Trainee: 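Got a structure here, written out as structure tokens. Questions coming.
Whatever order the structure lists them in is the order used to number ligands and atoms, beginning at 1. Keep in mind that this is a model prediction, so the values were computed, not measured.
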Amino acid sequence: MRIDIITLFPEMFDGPFGHSIVKRAIDRGIVEIHLHNLRNWSTDKHKRVDDAPFGGKGGMLLKAQPIADCIDELKSQRQYDEVFYTSPDGILLDQAGINQYSDYKNLIILCGHYKGIDERIREHYITKEFSIGDYVLSGGELAAMVLVDGITRIIPGAINDEMSALSDSFQDGLVAPPAYTRPKIFKGWEVPPILLSGDEKKIDEWKLEQSIHRTKIRRPNLS
Ligand code: ADE
């Protein structure tokens, strides 16, 4: 999968994409990430990418021209499944969405900034707006990182034990059951004996019960 990210702050991605599963997926060629500094597309002599909104006070908007030119160039090179825009008023990102997007071949993510972008870009270029939660961040970069991380880790080959991605919280609409590792007793607290029983069927039943119970208590909106 190829992901093109349009941003004012490409350096912000170095940390999250330079470690762990995303880095491994990049190294293995499972995902290709291309960062584009929006400023490079500005035709303004001072490389400005923002301007004041018509008919309003306060807050700057990202101008249409650099965004349109950048997306036009990318689209002239290949077909994209979706042009995403990160925005607090987009649809809320969830596991079902991430699963769906992980099947895509080519994606563009435009990171929002300031008070947003010229509405004409939203109307004519953006195919989907997504939010990572009902709060306002200072920019869309963190949201783009969340989307890329969520997508990458479920692409086959990114995680060694594929079962572990499939058994994540939310994959079946349930949160994950409690999990334990060695030692069997820590500070006097014991691992539930069923997990040590070796009876796989009983263990699976117990895990499912725990997941259902936890989902009811912690995330009643999911059940
Ligand atoms: N940009 C600012 N806040 C955001 C949010 N909650 N989700 C996605 N993009 C954003």
Side-chain angles (χ1 to χ4, degrees), residues 1-22 31 33-42 48-54 56-68 70-71 74 80-104 106-155 168-171 175 218-219 221-222:
M1 174 186 241
R2 176 184 167 117
I3 304 175
D4 288 272
I5 300 175
I6 306 171
T7 170
L8 283 173
F9 301 101
E11 304 80 18
M12 279 181 73
F13 293 83
D14 293 349
F17 292 172
H19 299 275
S20 187
I21 292 170
V22 177
V31 67
I33 297 173
H34 297 263
L35 293 159
H36 307 280
N37 189 333
L38 187 60
R39 223 167 273 286
N40 295 342
W41 269 269
S42 174
R48 270 187 67 176
V49 289
D50 61 332
D51 211 335
F54 286 121
K57 300 184 211 123
M60 299 292 268
L61 288 180
L62 289 178
K63 289 153 65 78
Q65 174 273 315
I67 300 173
C70 180
I71 297 177
L74 291 171
Y80 285 90
D81 296 284
E82 207 89 77
V83 182
F84 282 114
Y85 171 54
T86 61
S87 159
D89 42 271
I91 55 161
L92 213 51
L93 189 64
D94 62 7
Q95 190 62 49
I98 286 178
N99 291 350
Q100 183 195 341
Y101 312 146
S102 70
D103 274 342
Y104 291 165
N106 299 309
L107 271 187
I108 293 175
I109 307 173
L110 169 66
C111 301
H113 245 280
Y114 309 117
K115 279 284 175 199
I117 54 175
D118 190 301
E119 188 65 22
R120 290 163 291 191
I121 295 293
R122 293 171 90 157
E123 279 172 16
H124 300 288
Y125 282 86
I126 303 300
T127 59
K128 192 162 276 156
E129 305 196 5
F130 76 93
S131 163
I132 58 165
D134 291 336
Y135 38 80
V136 179
L137 302 166
S138 50
E141 281 73 15
L142 287 170
M145 291 171 202
V146 167
L147 177 64
V148 171
D149 187 287
I151 288 176
T152 303
R153 62 189 300 286
I154 56 169
I155 299 177
D168 286 337
S169 279
F170 306 117
Q171 275 300 6
V175 304
R218 296 179 179 208
R219 301 297 304 272
N221 59 315
L222 291 177

Trainee: Tell me, do Ile151 and Leu107 make a side-chain contact under 4.5 Å, heavy atoms counted?
Mentor: yes
Trainee: Mind checking what makes salt bridge (Lys or Arg N to Asp or Glu O under 4.0 Å) contact with Lys115, not counting sequence neighbours?
Mentor: none
Trainee: Determine whether more than 12 heavy atoms belonging to other residues, nucleotides or ligands lie under 6.0 Å from atom CZ of Arg218.
Mentor: no
Trainee: Taking the six-membered ring for Trp, are Tyr104 and Tyr101 parallel (under 30°), tilted (30 to 60°) or perpendicular (over 60°)?
Mentor: tilted
Trainee: Which pair of non-hydrogen atoms, one from Ile5 and one from Cys111, has the smallest distance, and what is that distance?
Mentor: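 What the structure gives for the nearest pair is CG2-SG, 3.8 Å.
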Trainee: Who are the residue neighbours of ligand 1 when the rule is a heavy atom under 4.0 Å from any of its atoms?
Mentor: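 Those residues closer than 4.0 Å to ligand 1 by some heavy atom are Thr86, Ser87, Pro88, Phe130, Ser131, Ile132, Gly133, Tyr135, Val136, Leu137, Gly139, Ala143.
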Trainee: Would you say that Thr86 contacts Leu142 through its side chain, given a criterion of any heavy-atom pair below 4.5 Å between the two side chains?
Mentor: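 Contact flag for Thr86/Leu142 side chains = no.
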